[in-house]
Amino acid sequence: MVPLWLYLAVAAALFSIGMFGVLTRRNAIAILMSIELMLNAVNINLVAFWRYQENPANLSGQVFAIFVFVVAAAEAAVGLALIISIYRNRQSVIAEDVDVMKW
Amino acid sequence: MTVELLVFLILSALTLGGGMLVVTTRNLFHAGLYLMISLFGVAGLFVLLTAPFLGVVQVIVYIGAIAILIMLAIMLSPNITNLPNPFTAQWPVGAALAVIFFVMLITVVTPVMNELGADDWVNSDQLTVDTAGDVPADGIATLGEELVDPHKYMLPFEVASVLLMAAMIGAVLLVHPGKQAEDVIEDVA
Amino acid sequence: MDVNWFNANYLPWLILFFPLLSTAIIMLATNRSVVASQAVAAGGIGLSWVLSLLLFAKTVWTTDKALGQDIFGSQLDWMDIGPYTFRMGVAVDPLTAYMLLMVPLACLMIFIYSIGYMRGDPKNARFFGYLSLFAGGMLTLTVADNLLLLFIGWEVMGFCSYSLIGFWAHKKSAMEAGVKAFMTTRVADVFMLVGIGYLFVMTGTIDGVANPTLNFRDLMYNVLPGSAIDADNPAYEVGDPEAEADAEGEHAADAEESHGDEHAVGTTIVDKLTEVDAPLFGVSAATLIGILLLIGTVGKSAQFPLHTWLPDAMEGPTPVSAMIHAAAMVSAGVYMLVRMFPLLSAGADFHNFDYNTTMILMGTIGAVTAIGASILAVGQNDIKRILAYSTISQLGYMVAALGIGAWVAAAFHLINHAFFKALLFMASGSVIHAMEHGEHHAHEDGHEHAHHEKPDGLIMDYCAPPNNIQRMGGLIHRIPVTAITMAIGGLSLAGFPLITAGFWSKDEIIAEAWHGAGSAPFPAFVLICLLFGALLTAFYTARMWFMTFWGTPRSDAAAYAGLGSLRKQWVVFWNRRAMSKDTKLTQEPITARDRLSANQMEFPLAVLAFLAIFAGFIGIHADLVGKNPLHDFLAPTLLHHPVAIDFDILPMLFSMAIALLGIGGGWLLYGRKPVEKGETDPVEAQLGPQAWSLLQNRLYIDIFYRKYLLGPVEWFVSAEKWALPGEEEKPEDEQIKVSLSDYIDKGIIDDILHWIASVFSNLGEFCKRFNTVVIDGFIDGVVYKIGDFARWFRQTQTGRVQQYLLFVTLALLAIGTLLIIQVR
């Protein structure tokens, strides 16, 4: 089998890619997509650890991944709704432009 | 090189390459398409990890729902696909941080430091494990049962459904055209 | 999981579930409809009440046999903490059952009352939503089987009290009062949370404890394995009538024996905690935890240093006051102390008058609160504020009772107090309602209608006109049902001998203090405070009642006051004279709706009046009536059964005498010749306006010291017998005589002062120069630099979320690096 650490390495890479996107993309929708990448990286970890434990009959890892799906779906729905309503008000989806919450 | 490793490498390349393109592509619509590729790679990895159910759910929920939702949002909002400059001014810093973070993770979750000669950097026995117990044949059925078992995950499962419901209602309210934010604020005040 | 919801082990879940469900339904679904919301709220608490009664009956039936060895309860896994599992659950033991007898019933009465009281309020649905949540929080706290769940209920109530006290948030004072209540209790809650956390950690360090726990049974009842010297514990074994009689023994010999048993039952976790040193103050862990929990109660139950929020909490609607002061909130604090009594008294041998730090602290706080608050209650004009101080003082009784080890008496008084105080508050609400009504009518009929400026924010001695007892009088003719029920509640509060609930419970506390007073100074101190408090309690209760209901109206509002139910035949018959005097009332149109509201407000009063009398008869001392059912029922709650003290006629006579003395004093001052319009309050006349206003301003001026300490001072400042230095040459009759204080002041001190002043003024001039040039220059420089720095630094707050994320990532990297270094 492929050793566990390879999966972990892929997940780490995907997470870092997502982090880069979140930190640097200007478009809010692109940020949202980057967040999805990060969540997927987490899921890869969860499933990999589940698979490589002594007793895979314990399904906690998979169940957790399912809950991550749920949260991701909810987050996408609310996030997109927020972006659209911000777009309506400000005619912009650039995250930097939304900076009224400061001193 | 076994077939499995080959498949793994292809899927990883899909995942990471897609991800890389998602965060670098100028055209948002293309980024969405690359996101699908990346998510598909992840689904493949799930299947490779003998979690076929999760793989299918990944395809249905992520690619079928979330990515499509994002694509629709992109298409429905004009003039947001092509920004003159897709990156913020802080992108070099962000890139550096992401790289540092990646290096840090790699040193911890892979035996690379041990290979490089560091003594006892991490417990590499557990990371290099390449055999695992057998997955029960009725794993999917068990998963389904455990999700609705009051002794197992029924409560979180139900809570998750409430969460989804709340998110849905919230999303509808947020984009409801009847009330603009200013009106709502006035109403509250 | 097969859950049979009719099994008593699962019933407690339902009890707390229904009010919470009502909240959800009201908030989510029925918030547009007032009637539906009221029905849902009342239905939820009603169901809880029925279930509680069932459970109570079941407990009574069971404890007869099993004596608290078996409790009803069920648990579920809440969360995994490392290798341990934290279990959350409900449990009903005799103490909980006793609380369940009171809480849902009082809540139900308050709900019914609120329907009448809140009629016409635009935010009615929200009010009932909060009220249901409040009830749910209280019930959660009551049936919780561990401290964490108790704390959750505790905090839910904290939030509800905030939102309900500030319910009329358009009034600035209400908003401030809400914030005050929230913040004050929050300060205490933080200490309590620290105590809970510390307790949890400490239980994990004890040998023989598999899981760190907060479960009451595990902490205080279940004997640690291996420590049970007398494992079978025959004295409490089921079905051994002889031994049972021993355990329940009411006589001295038995008391001695069960006392001897104490160490034979084995060691609990709490006992072990006394052997562990706490990191602070050189006390044991048990003491430190006990004190932290005590601080929580001091905040929640409004004890001495943190009592200030409660009188202001009167800004909320009156049913809320009843809720906070009777059924929930403040009771919760005392309930928690009773619950945790083995922890608080760990290491103390209070049967032999050996008290530990926690108990002494508890007793002192309670005693000081009991007497201090009752002194302040004497000087209040706001009817609700009198009751608020009275609540503080009665809670002081309970805390003091716990301080001397009388936890059964404390629980007994807790329940009785809840009944009669809920009654008093709701009666006062109906008085206020009637006064507002009267104000309205007086206005309509063109009478003087003083336009009262609402104060901007909380003002200590402000008293809203409808609440002011100085403006009442003669209301017994207008709202007889309220007057009678309030008299019953007042008598119970004052401890009217033999027939009221308040007498029996208060007497038990006093008897316990008396029992210890001969042997140790601490209970003697408590006893003196409590007796004084009892005297004042009786007095201010009498004052409140006579001022409100007796004599003639002292304002037009009082003359026109009414709830709309006066037309009932029996009332007309009973009060024909008053009716004929006042034709206005008979012409007043009363709608069916008005009458319904009045009935909704008066029905709970009647029910609670019944309980305010009869709830006390279950706890009469065994030597008087042969058996003390309450004591026998509650005793098995704790591992170490309480020892019933011998009956002593002296303290009972004493407390009778004191109650009668207080009521008699009130009658003499206010009842025999009622206060007329424009007349000064007799107490005010006695004390003088300064002391009066100090009381009204709630300053801690001990009025009883006034005569003896302030008398000489008064002579010192006011007897004008001394001539000033310049006047001495003049003839005797032309000299301007001043008082000794003025003489010393103007003649002697001034001269010295003038000289000193000139020295200092020169010195000051020098300092001023020094100051402006050197110090100011320095300080200003620092300040400007800080300002510059702040202006520069705030540029990091760009409002851009990605930049913030960058910082978060940096922090993440730093933490990650630290972790790697640490693991290496």
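Just so it is clear: chains get the letters A, B, ... in the order the sequence lines come, proteins before strands, and each one is counted from 1. Because only heavy atoms are used, hydrogens play no part in the values below, and waters and symmetry mates are left out as well, while side chains stay in. This one's a predicted model, so the numbers in the text were calculated from it and none came from an experiment.
Both the backbone and the side chain of B:Glu4 come within contact range of chain A, judged by heavy atoms closer than 4.5 Å. Only the side chain of A:Glu96 comes within contact range of chain B, judged by heavy atoms closer than 4.5 Å. Heavy-atom distances place the side chain of B:Leu39, and not its backbone, under 4.5 Å from chain A. There is no contact between A:Asn45 and chain B, counting heavy-atom distances below 4.5 Å. For chain A, the nearby part of B:Ala89 is the backbone; its heavy atoms alone come within less than 4.5 Å. Residue A:Glu75 does not touch chain B at all, counting heavy-atom pairs closer than 4.5 Å. With a threshold of 4.5 angstrom between heavy atoms, B:Pro92 does not approach chain A through any atom at all. Heavy-atom distances place both the backbone and the side chain of B:Leu143 under 4.5 Å from chain A. Contacts of B:Leu69 with chain A are made by both backbone and side-chain atoms, with heavy-atom separations under 4.5 Å. Only the side chain of A:Phe15 comes within less than 4.5 Å of a heavy atom of chain B; its backbone N, CA, C and O stay farther away.
Between the CG atom in B:Leu49 and the CG atom in A:Leu4 there is a gap of 9.0 Å [rounded to 0.5 Å].
When every heavy atom of B:Ser12 is checked against every heavy atom of A:Val10, the shortest pair comes out as OG-CG2, 3.5 Å. In this structure, B:Ala73 and A:Leu80 approach most closely via the heavy-atom pair CB-CD2, 3.7 Å. Across every non-hydrogen atom of B:Val23 and A:Ser34, the tightest pair is CG1-OG, 3.7 Å. Across A:Val63 and B:Leu147, no two heavy atoms sit closer than the pair CG1-CD2, 4.0 Å.
Here the two rings, on A:Phe20 and B:Phe102, have centers that are 6.0 Å apart or farther.
Figure legend: cation-pi geometry between A:Arg26 and B:Phe87 absent, as NZ or CZ is not positioned both under 6.0 Å from the six-membered ring centre and within 45° of its axis.
Side chain of A:Arg51 to backbone of B:Phe46: no donor-acceptor contact under 3.5 angstrom is found.
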